[in-house]
Amino acid sequence: MRTRVKICGITNKEDLAAACLAGADAVGFVFYPPSPRAITIEQLLGFIETIPAFVTKVGLFVNESPEVVKETARVLKLDLLQFHGDESADYCQQFNQSYIKAVRVKPGLNLIQYAKEFKNASGLLLDAFVPGIPGGTGEKFDWDLIPTNLDLPVILAGGLDDLNVAEAIQKVKPWAVDVSGGVERQKGLKDHQKIFAFVNAVNQA
Ligand SMILES: O=C(O)c1ccccc1NCC(=O)[C@H](O)[C@H](O)COP(=O)(O)O
């Protein structure tokens with residue numbers, strides 16, 4: 001099975017083109033103003049039309065109002081929603097659109113129960129837990145905390161890069177991997193060589 005790749009935190013046309021050219025299956029846009037990778041609808045409207053076929057457009061939100069999520073998804077024609085806050089399953093389902101639920105993994109969290117609660121999600125994104133930071137931490141977490149029998153496709157995130165992603169795939173065997181910081185030259189700006197190296201490492205894993 002080929003491990004899918006999502007490159008997250010895209011903020012400009014050039015980084016988007018590099019992610020698509022490298023072979024990303026999905027690109028993520030962060031609609032969370034405190035993030036150094038945050039982007040607005042107006043900014044993204046300037047280049048979202050350059051995304052070619054077969055690259056999934058993912059919008060990321062953190063405890064956002066339903067009105068803002070609906071408007072963002074409508075205007076940008078987002079393919080997939082990704083929720084990184086304390087959103088309930090009912091909240092996530094109200095948009096009648098495929099979604100990924102992100103969960104920040106720490107010891108004692110019942111991921112099997114979590115997957116049952118979000119059984120209608122298209123994937124469960126497993127990320128590092130860092131107090132006060134909903135995502136994009138650049139931190140790994142203990143992959144041994146991931147049960148082997150989760151009922152949802154696992155999207156592994158958190159501190160991945162081209163040097164550790166092969167080990168992550170061999171250990172966790174996720175449906176997909178997701179990266180932001182590990183392919184950057186500075187927060188919010190991607191390093192195109194790192195993007196290509198990451199995708200190549202995934203494909204060789
Ligand atoms: O990337 C962010 O700044 C961010 C901020 C708030 C919520 C989510 C965010 N990113 C979500 C992602 O899917 C990241 O790719 C994921 O957390 C992994 O990030 P990294 O550890 O930097 O690879």
Side-chain angles (χ1 to χ4, degrees), residues 3-12 15-16 18-19 22 24-40 43-44 55-65 68-69 72 78-87 91-92 98-106 109 118 121-143 145-146 152-169 172 174-191 194-195 197-199 201-202:
T3 305
R4 270 63 174 180
V5 177
K6 171 170 164 270
I7 305 294
C8 195
I10 299 283
T11 63
N12 63 78
D15 290 352
L16 176 62
D25 298 282
V27 286
F29 304 103
V30 178
F31 300 102
Y32 178 65
S35 166
R37 304 171 182 113
I39 194 166
T40 65
Q43 289 168 335
L44 190 43
V55 177
T56 301
K57 300 187 289 287
V58 185
L60 284 78
F61 304 90
V62 181
N63 297 326
E64 187 54 83
S65 72
V68 168
V69 174
T72 306
L78 296 176
D79 302 308
L80 198 55
L81 305 177
Q82 184 172 316
F83 298 115
H84 269 259
D86 309 312
E87 301 88 354
Y91 169 98
C92 296
S98 297
Y99 73 90
I100 296 167
K101 185 63 185 79
V103 54
R104 299 182 295 154
V105 179
K106 56 183 178 182
L109 185 69
F118 290 92
S122 296
L124 197 62
L125 187 140
L126 305 181
D127 205 345
F129 178 86
V130 175
I133 306 179
T137 68
E139 299 292 328
K140 289 191 296 183
F141 67 93
D142 181 359
W143 299 330
L145 293 174
I146 303 172
L152 284 176
V154 167
I155 302 159
L156 184 61
L160 297 179
D161 61 28
D162 62 306
L163 299 177
N164 64 25
V165 70
E167 177 195 356
I169 289 171
V172 177
W175 170 255
V177 288
D178 168 290
V179 64
S180 191
V183 292
E184 286 183 328
R185 54 191 167 92
Q186 67 183 70
K187 284 196 184 297
L189 295 177
K190 301 305 181 191
D191 178 317
K194 286 184 179 179
I195 291 177
F198 183 84
V199 176
V202 172

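Just so you know, ligand 1 is whichever comes first in the structure, and atom 1 is the first atom listed for that ligand.
- Looking at atom 13 (O) of ligand 1, its nearest protein heavy atom turns out to be Q82 NE2, 3.0 Å.
- Heavy-atom proximity to atom 21 (O) of ligand 1, evaluated over G181, S180, G159, is greatest for G159.
- Ring geometry for F83 against F61 counts as tilted: the plane angle lies between 30° and 60°, on a 0 to 90° scale.
- Proximity of L60 to ligand 1, defined as any heavy-atom pair under 4.0 Å, is confined to the side chain (atoms from C-beta onward).
- Scanning the protein heavy atoms around atom 12 (C) of ligand 1, the nearest turns out to be C8 SG, 3.5 Å.
- Heavy-atom contacts of S35 reach the following atoms of ligand 1: 2 (C), 3 (O), 5 (C) (cutoff under 4.0 Å).
- Looking at heavy atoms from C-beta onward, I155 lies out of side-chain contact with V177 at the 4.5 angstrom threshold.
- The protein heavy-atom contact nearest to atom 2 (C) of ligand 1 is R37 NH1, 3.3 Å.
- Of the N or O atoms in A157, none lie within a sub-3.5 Å distance of an N or O in ligand 1.
- When only non-hydrogen protein atoms are considered, atom 5 (C) of ligand 1 lies nearest to G135 O, 3.6 Å.
- Between V68 and F31, the closest side-chain pair of non-hydrogen atoms is not below 4.5 Å.
- Put simply, the side chain of V69 reaches to within 4.5 Å of the side chain of Y91, judged on heavy atoms.
- Results of the side-chain contact (heavy atoms from CB on, under 4.5 Å) test with I100 over L60, L80, L124 single out L80 as the only residue that passes.
- With 3.5 Å as the limit, one finds no donor-acceptor pair spanning the side chains of K190 and T11.
- Shown in contact with V179 at under 4.0 Å from a heavy atom are these atoms of ligand 1, numbered in order with element: 15 (O), 23 (O).
- Taking atom 17 (O) of ligand 1 as the reference point, the nearest protein heavy-atom neighbour is D127 OD2, 2.5 Å.
- Contact analysis leaves K187 out of contact with ligand 1, as no non-hydrogen atom separation drops below 4.0 angstrom.
- The single protein non-hydrogen atom nearest to atom 19 (O) of ligand 1 is G136 CA, 3.3 Å, given as residue, atom name and distance.
- Side chains of F141 and E139 form no contact here, defined as non-hydrogen atoms less than 4.5 Å apart.
- Side-chain contact between L16 and V27 is present, with heavy atoms from C-beta onward closer than 4.5 Å.
- Backbone and side-chain nitrogen or oxygen atoms of G182 are examined, and none is located within less than 3.5 angstrom of a nitrogen or oxygen of ligand 1.
- Summary of contacts: the protein heavy atom closest to atom 6 (C) of ligand 1 is Y32 CD2, 3.6 Å.
- The salt bridge (charged side-chain N to carboxylate O under 4.0 Å, His left out) test with K6 singles out one residue from D127, D178, D79, and that residue is D178.
- Among all protein heavy atoms, the one lying closest to atom 18 (C) of ligand 1 is D178 OD1, 3.6 Å.
- Listed by number with element, the atoms of ligand 1 under 4.0 Å from a non-hydrogen atom of K6 are 13 (O).
- In this structure, G138 has a heavy atom closer than 4.0 Å to ligand 1.
- Within the 3.5 Å criterion, the main-chain N or O of G136 finds a donor-acceptor partner in the side chain of R37.
- Within 6.0 Å of CG in D142 there are more than 12 heavy atoms belonging to other residues, nucleotides or ligands.
- Residue G9 places every heavy atom at 4.0 Å or more from ligand 1.
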